[in-house]
K.L.:
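Starting off with a structure, shown below.
Since the structure is predicted, the reported quantities are computational estimates derived from the model, not experimental observations.
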Amino acid sequence: IKSQPSSHHLTTTGQNRNCAFGLQKVIEPFVMAGSQDARSSGVLYTFNHEDAHAGCPEKIIICVDLAKEVETMSVKSKDKGDVPLLVVWKNALELFVWNKIAMNPDHEFALIVLTKGAEWFCSFSKDASLMCRAINQLQATGENYETFDLASLYSIIYEHSPPPPTTDPLLPPPYTVRVVFLYCRSNSPPIFKGDPTGHNALLASPYFFLDVLYAHQAPSPLNMCENIFYILSEQYTGPKGLVFDWSFNVTKLFKFFACMLAHPLQRPVQDNMDPKLLG
């Protein structure tokens, strides 16, 4: 999978050149194991017959936690000092959106914010500029929430973007639905207390995927990080979901988003991804 240079890439403007804390890291394409590119780059991507699916447009729903911790937790940057977590997420999401659109201009993005429950924030669009403006409008609520209602998330996703019906498994679907879920609470375990209709319908579809990034405080007896991570990792039992427990290392964050550039129908399961991409 390779993205072609685009005049819309984030590094084309003065403002965008400052994103990613000056890393200006080009997200490396995945390459076939055994190829000359793989041998020279040291990055291996092993395919098998289960990964040999045709690509199709994705409907990608980005879910961003806006609880108080997203502004109180910070990431250390060599040139910018302590940077709030939400700012880091915004920079990474912008790069992700632009690179996905460069790969396929028919990909669509929508935005959900997470407070007590899930709230629809920005409808689907193929316009990367519009989506990045919506991402940059996000602000932390300044509130701590005791729990988060997962049922509200699945219900609102199913309402706005039900997966396509399953037809011939050998043929690509008209689109897939993928949720990119960014969560940052160390003491607010997700719970399920609503109508399970949306949850059941989404998880029954082979064209629904869930990628999770969990940022949290250092685990201790004073928080619930380990329990929350377990709950999040159990939300999607399909083989092609990604779950990352992030420890505020900026390089690892961008490796996670690089992994997410691969189409869910084409990428390997997480356990088979090259450790250099995951570590």
K.L.:
Tell me, please, which residues at least two apart from K116 pass salt bridge (Lys or Arg N to Asp or Glu O under 4.0 Å).
P.N.:
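With neighbours one apart ignored, the set is empty.
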
K.L.:
Mind checking side-chain contact (heavy atoms from CB on, under 4.5 Å) for E58 and listing every partner two or more places apart, or none if nothing turns up?
P.N.:
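I60, K100, H107, T176, R178, H263, P264.
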
K.L.:
Got a sec, which residues hit side-chain contact (heavy atoms from CB on, under 4.5 Å) with A92, two or more places apart in sequence or on another chain?
P.N.:
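If we apply the side-chain contact (heavy atoms from CB on, under 4.5 Å) test to A92, skipping adjacent residues, the hits are L253, F254, F257.
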
K.L.:
Please collect all salt bridge (Lys or Arg N to Asp or Glu O under 4.0 Å) contacts where either partner lies in residues 217-230, sequence neighbours excluded, each pair once.
P.N.:
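Sorted result for residues 217-230: empty, none.
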
K.L.:
Not counting sequence neighbours, which residues clear salt bridge (Lys or Arg N to Asp or Glu O under 4.0 Å) with K126? List them please.
P.N.:
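So K126 forms a salt bridge (Lys or Arg N to Asp or Glu O under 4.0 Å) with D106.
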
K.L.:
Partners of S74 by side chain to side chain donor-acceptor pair (under 3.5 Å), sequence neighbours excluded?
P.N.:
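Partners of S74 under the side chain to side chain donor-acceptor pair (under 3.5 Å) test: none.
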
K.L.:
Tell me which pairs pass salt bridge (Lys or Arg N to Asp or Glu O under 4.0 Å) where either residue lies in residues 183-192, with sequence neighbours left out.
P.N.:
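Listed by first then second residue: D65-R185.
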
K.L.:
Holding to side chain to side chain donor-acceptor pair (under 3.5 Å), I want the full list of residues that pass it with D245, two or more places apart in sequence or in another chain.
P.N.:
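Expected list: H216.
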
K.L.:
Sequence neighbours left out, what passes side chain to side chain donor-acceptor pair (under 3.5 Å) with T115? Give chain and number order.
P.N.:
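T115 satisfies side chain to side chain donor-acceptor pair (under 3.5 Å) with E119 only.
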
K.L.:
Checking K90 now: which residues fulfil side chain to side chain donor-acceptor pair (under 3.5 Å) with it, not counting sequence neighbours?
P.N.:
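Testing K90 for side chain to side chain donor-acceptor pair (under 3.5 Å), a comparison that skips the adjacent residues, returns none.
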
K.L.:
Go through the structure and list residues passing salt bridge (Lys or Arg N to Asp or Glu O under 4.0 Å) with E108, not counting sequence neighbours.
P.N.:
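Per chain and number, E108 pairs via salt bridge (Lys or Arg N to Asp or Glu O under 4.0 Å) with K59.
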
K.L.:
Using atom types as modelled, flag every donor-acceptor pair under 3.5 Å from a side chain in residues 188-210 to any protein atom, sequence neighbours excluded.
P.N.:
residue : atom : partner : partner atom : Å
S188    : OG   : Y145    : O            : 2.1
D195    : OD1  : T197    : N            : 3.0
D195    : OD1  : T197    : OG1          : 2.8
D195    : OD2  : T197    : OG1          : 3.4
N200    : ND2  : P196    : O            : 3.3
S205    : OG   : Y207    : N            : 3.0

